[in-house]
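Heads up, the thing below is written out as structure tokens.
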There are 2 protein chains.
Amino acid sequence: MKRDGRRQAIMDFLIEARAVGLDELADRFGVSKMTIHRDLDDLEQAGLLRKMRGGATIETGTRFESDFRIRELQDADAKARMATAALDLIEPGMTVMINDGSMAAVLGARLPEKAPLTVITNNAAVIDRLKGLPRMTLIALGGEYSAKFNGFFGVVTETALSRLRADLAFISTPAVAGLQAFHMDDAAVQAKRAMIGAAGRSVLLVNHRRFGRPALHLLADLAEFDAIITDASPSVESRDAIAGAGLQVTIAKD
Amino acid sequence: MKRDGRRQAIMDFLIEARAVGLDELADRFGVSKMTIHRDLDDLEQAGLLRKMRGGATIETGTRFESDFRIRELQDADAKARMATAALDLIEPGMTVMINDGSMAAVLGARLPEKAPLTVITNNAAVIDRLKGLPRMTLIALGGEYSAKFNGFFGVVTETALSRLRADLAFISTPAVAGLQAFHMDDAAVQAKRAMIGAAGRSVLLVNHRRFGRPALHLLADLAEFDAIITDASPSVESRDAIAGAGLQVTIAKD
DNA sequence: ATAATTCAACATAAATTATGTGATTTTGTT
DNA sequence: AACAAAATCACATAATTTATGTTGAATTAT
């Protein structure tokens with residue numbers, strides 16, 4: 001196991017266990033304590049954990065848990081499957097919009113498979129991955145940078161969107177309740193809504209565990225989306241409600 | 001001499017001589033022909049030269065201004081000094097605009113010294129450096145990504161600028177002739193002009209060697225700038241012309 | 001006070017990257 | 001078509017960078 005794999009594993013473990021001892025890690029990976037020290041130092045530097053005497057923790061509640069870098073590591077498999085399902089909807093030559101969020105970042109990274117494409121996004125991770133790639137036209141939306149969401153938001157973003165049109169918008173959401181999608185942040189909602197308005201068709205991406213929990217701000221009615229992609233079957237009530245409304249949900253398989 | 005230095009030297013030589021033989025390069029640097037082949041392949045890949053049987057040439061015409069990755073290495077010392085002089089004009093709390101280009105990237109990297117600041121830019125290098133830093137508000141302008149300039153340009157960029165105001169805009173230029181600044185690319189000119197229009201005061205940054213050579217597109221009259229910063233005294237004629245017009249040029253010292 | 005832990009400095013190992021060599025293929029010229 | 005120069009390929013080696021380990025001094029918790 002190489003350095004990056006080890007660090008990934010440390011994070012995986014930490015997300016489960018909330019805390020871990022330094023000796024335990026050195027033991028488990030068969031490396032010296034010094035190496036673990038260095039791993040933890042770098043991970044702390046990246047804002048992924050909090051180093052403490054004798055080990056490290058993930059700080060619950062605070063900015064740590066909600067940080068996008070951690071989210072990108074969570075449920076990596078589900079995200080990969082959903083990205084594959086989303087890619088099926090894309091044809092070379094299209095113009096697609098990608099919103100903020102780690103799910104969108106995973107999808108964005110795989111867009112070159114469908115080149116040539118025009119990609120419009122306010123997601124900093126997607127911009128970094130795509131810039132300079134051949135046969136990809138990248139249009140960044142601009143806006144005020146948000147470290148929390150690793151993206152660009154605000155009037156600049158929305159004004160830019162009001163002047164653009166795309167074939168397909170991929171919108172991700174952390175909360176679906178009843179027949180509506182929610183989001184905890186107003187600025188993100190505004191950007192997402194502007195994208196839906198600027199796209200011919202919109203696709204909602206949502207982890208199956210996020211069904212049945214609302215958040216502060218209403219994002220959109222599920223009926224506004226032309227497709228809904230998730231990674232596994234949601235709870236019975238959610239499923240029934242959605243089926244009852246005549247909406248189709250795509251469950252991404254292996 | 002290391003690989004990058006050698007490649008830089010190849011480019012320097014080529015800019016003078018327009019063409020060079022492969023054997024000659026292998027000889028001059030004391031490396032094998034294969035190594036020169038690889039250098040030329042990579043430089044061609046980066047769009048910096050045209051490889052030909054037995055050697056390489058610089059494409060005649062406009063495109064020869066070097067790639068931004070190499071440009072960042074050129075005249076690093078002059079850039080650092082000019083950045084220092086530019087920083088002197090910034091007060092904490094200001095809103096500043098930074099345009100594209102490697103000179104601007106060097107300045108952008110040092111902006112945290114003057115935090116808190118609001119920074120508005122279409123320069124991808126500056127966005128990368130500044131995002132997520134505390135006490136820095138970063139507003140990216142968006143636009144279509146240009147690999148050649150490592151920045152964002154086009155209507156999206158200009159529309160965003162039409163809605164924003166800054167205290168100070170830093171504009172860099174690769175060419176000054178007479179009492180006017182020039183640039184080889186129209187899209188970059190549009191963005192720079194929009195910045196000048198959106199800023200209370202504008203500062204021109206220009207390497208002293210760039211005086212006396214025009215480029216395809218007119219960027220602005222020197223009189224439009226509130227300050228002009230360079231790294232060393234320009235040629236006598238240029239200096240006389242500028243002094244004659246009553247314009248002040250700041251020469252950045254050590 | 002002391003035992004555990006962290007940190008810094010250096011040494012070594014592992015991996016990556018750059019370069020060279022010679023065989024093989026391509027290209028231009030006659 | 002035949003030839004020589006040049007380009008390319010595949011692999012070996014060298015140089016450089018990065019990762020890890022070890023030791024001992026400094027720090028910290030109890």
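On a predicted model such as this, the values are computed, not experimentally measured, just so you know. In what follows, chains are A, B, ... by sequence order, proteins preceding strands, each numbered from 1.
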The first and last nucleotides of DNA chain C lying within contact of chain A, meaning any atom under 4.0 Å from one of its heavy atoms, run from C:dA4 to C:dA8

If you define the side chain from C-beta out and look only at heavy atoms, does anything of B:Arg210 sit under 4.5 Å from B:Val176? no

When A:His37, A:Glu44, A:Gln45 are each screened for side chain to side chain donor-acceptor pair (under 3.5 Å) with A:Lys51, the one that passes is A:His37

Item to check | Check ion pair A:Asp100-A:Lys192 (N to O, under 4.0 angstrom) | outcome: yes

Is there a donor-acceptor pair closer than 3.5 Å between any side-chain N or O of A:Arg129 and the backbone N or O of A:Ala109? no

Quick one: does B:Phe152's side chain get under 4.5 Å of B:Ile127's, heavy atoms only? yes

Indicate whether OP1 or OP2 belonging to D:dT20 is found under 4.0 Å from a side-chain N or O atom of A:Arg6.
yes

Query - Any donor-acceptor N/O pair, A:Thr230 side chain to A:Val206 backbone, under 3.5 Å - result: yes

Taken to the nearest 0.5 Å, the spacing of B:Asn207 CG from B:Met82 CE works out to 6.5 Å

Considering only nitrogen or oxygen atoms on both sides, find all protein atoms under 3.5 Å from nucleotides 6-8 of chain D and state each distance.
from  : atom 1 : to      : atom 2 : distance (Å)
D:dA6 : O3'    : B:Gly54 : N      : 3.2
D:dA7 : OP1    : B:Met52 : O      : 3.3
D:dA7 : OP1    : B:Gly54 : N      : 2.3
D:dA7 : OP2    : B:His37 : NE2    : 3.4
D:dT8 : OP2    : B:Lys51 : NZ     : 2.9

Is any side-chain heavy atom of B:Tyr145 less than 4.5 Å from a side-chain heavy atom of A:Leu130?
no

Self-check item: N/O donor-acceptor pair under 3.5 Å between B:Arg50 side chain and B:Thr57 backbone
Solution: no

Notebook entry, point to check: Do NZ/NE/NH1/NH2 and the carboxylate oxygens of A:Arg209 and A:Asp231 come within less than 4.0 Å?
Noted result: no

Axis-to-axis angle across the helix from C:dA1-D:dT30 to C:dT30-D:dA1, five pairs each end, nearest 10 degrees, ~ 40°

side-chain N/O A:Ser32 vs D:dG21 OP1/OP2, d < 4.0 Å: yes

